[in-house]
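Since the structure comes first, as structure tokens, the remarks are kept for the end.
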Amino acid sequence: MSELVFFSGTMDCGKSTLALQIEHNRSARGLQGLIFTRDDRAGEGKLSSRLGLVTDAVEAMPGMDLYGHVVALMSRGGRVDYVIVDEAQFLGPEQIDQLARVVDDLDLDVFAFGITTDFRTKLFPGSQRLIELADRIETLQVEAMCWCGARATHNARTVGGEMVVEGEQVVVGDVNRPATAVGYEVLCRRHHRRRMTAAGAQAGALSPDVLPVTSA
Ligand SMILES: Nc1ncnc2c1ncn2[C@@H]1O[C@H](COP(=O)(O)OP(=O)(O)O)[C@@H](O)[C@H]1O
Ligand SMILES: Cc1cn([C@H]2C[C@H](O)[C@@H](COP(=O)(O)O)O2)c(=O)[nH]c1=O
């Protein structure tokens, strides 16, 4: 029975790496995959991992009919044995419905990878629809970690080194960016709530305690 599987997690937890491993293992056995992605950091039509691996992919543009794309490819004689989708959080909800149709009507496995929530801790529309429709939701085994050592569960955005909680939902970017740029950092919920990034925690630790003022 084919499945729609949502591999979800924070940024930097190994989702794209796993997507590339699934692709490698299946293609090594002679299977032919179709890879979709949207707005990968490496550029249009690319699926890239921080481990340095990258492969070509079909850019799933806004409004593109993903089910129609698979059907059109197959009717031209192309072979599709499974579908991989990276950065699935950026897809529209209707595109997730199209992926579910690929599973149900074409009997193909669809492996979707994405972050669940944005820098405000709100669900991305694509991820929300995946949670609603997926046969299975998998959390990645390699845990991204907060600076405090706890498991990172949330994504923070920084602008000029400061954590922000307002702004556009989609800004393509990366972790470990210089403080001048828009960047991201993964945090545990406690430190996301307190808006305490690694830099903020370090600054707090370095500032001298305020001594009580005593009158002579
Ligand atoms: N230099 C490195 N050596 C070993 N592992 C690394 C290195 N750089 C990154 N990684 C691993 O790659 C993971 C990020 O993988 P990636 O697939 O790009 O994440 P995601 O797609 O979830 O954002 C990190 O959590 C870490 O485990
Ligand atoms: C939290 C958050 C992230 N993004 C962007 C930043 C990256 O380009 C991707 C996530 O990629 P990864 O491979 O999982 O690291 O999403 C965003 O646009 N808005 C956000 O709130």
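Both ligands and their constituent atoms are indexed starting at 1 by order of listing.
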Classify the ring geometry between H154 and H192 as parallel (under 30°), tilted (30 to 60°) or perpendicular (over 60°). tilted
Of all the atoms in ligand 2, which lie at a distance below 4.0 Å from a heavy atom belonging to K15? 14 (O)
Can you tell which of R120, Q89, R50 gets a heavy atom nearest to atom 15 (O) of ligand 2? R50
Honestly curious: do L4 and V85 fall in one hydrophobic cluster under the side-chain, below-4.5 Å linking rule? yes
Quick test: of every protein heavy atom, which one is nearest to atom 7 (C) of ligand 2, and how far off is it to 0.1 Å? G173 O, 3.3 Å
Could you tell me if the side chain of Q202 sits less than 4.5 Å from the side chain of W147, heavy atoms only? no
Report yes or no: do Q128 and E132 form a side-chain donor-acceptor pair below 3.5 Å? yes
Exam field: side chain D40 to backbone E87, donor-acceptor pair closer than 3.5 Å: no
If Ile, Leu, Val, Met, Phe, Trp and Tyr residues are connected whenever their side-chain heavy atoms lie under 4.5 Å apart, and connections chain through other members, are M64 and F124 in the same group? no
Looking only at protein heavy atoms, which one is nearest to atom 17 (C) of ligand 2, and what is the separation? Y184 OH, 3.3 Å
Looking only at distances, please establish whether an N/O atom of ligand 2 is found under 3.5 Å from an N/O atom of I115. no
At a non-hydrogen distance cut-off of under 4.0 Å, which region of N155 contacts ligand 2 (side chain, backbone, both, or neither)? side chain
Would one find an N or O of D118, backbone or side chain, under 3.5 Å from an N or O of ligand 2? no
Give the contacting part of V171 toward ligand 2: side chain, backbone, both or neither, where contact means a heavy-atom distance below 4.0 Å. backbone
Protein residue, atom and distance nearest to atom 21 (O) of ligand 2, heavy-atom basis: F119 N, 2.8 Å
Keeping S75 on the side-chain end and V71 on the backbone end, is there a donor-acceptor pair under 3.5 Å? yes
Non-hydrogen atoms of T10 and I115 that approach each other most closely: C-CG2, 3.5 Å
Among all protein heavy atoms in this structure, tell me which lies nearest to atom 12 (P) of ligand 2, with the distance rounded to 0.1 Å. R41 NH1, 3.6 Å
Do S2 and D107 have side-chain N/O donor and acceptor atoms under 3.5 Å apart? yes
Does E138 CD have over 12 foreign heavy atoms under 6.0 Å away? yes
Considering distance alone, does some N or O of D39 sit under 3.5 Å from an N or O of ligand 2? no
In this structure, does ligand 2 have an atom that sits under 4.0 Å from one of the heavy atoms of F90? yes
Please give the remaining members of the hydrophobic cluster of F113, linking ILVMFWY side chains under 4.5 Å, ordered by chain and number. V5, F7, L18, L20, I22, L31, I35, L47, L53, Y82, I84, F111, L140
Select all protein residues for which some heavy-atom-to-ligand 1 distance is less than 4.0 Å, and list them by chain and number. M11, D12, C13, G14, K15, S16, T17, S49, R50, L51
Side-chain donor or acceptor of R157 paired with backbone N/O of Q169 under 3.5 Å: yes
Side chain, backbone, both or neither: F124 near ligand 2, heavy atoms under 4.0 Å: side chain
Look at atom 19 (N) of ligand 2 and say which protein heavy atom is nearest, naming residue and atom and giving the distance to 0.1 Å. Q169 O, 2.6 Å
Less than 4.0 Å is my threshold; does some heavy atom of E168 fall inside it relative to ligand 2? no
Close-contact set for ligand 2 against V172 heavy atoms, below 4.0 Å: 8 (O)
Check: of R157, E87, H154, min heavy-atom distance to atom 10 (C) of ligand 2 comes from E87
Tell me whether H191 contacts the main-chain N or O of V186 through its side chain, where contact means a donor paired with an acceptor under 3.5 Å. no
Within 6.0 angstrom of R50 CZ, more than 12 heavy atoms from elsewhere: yes
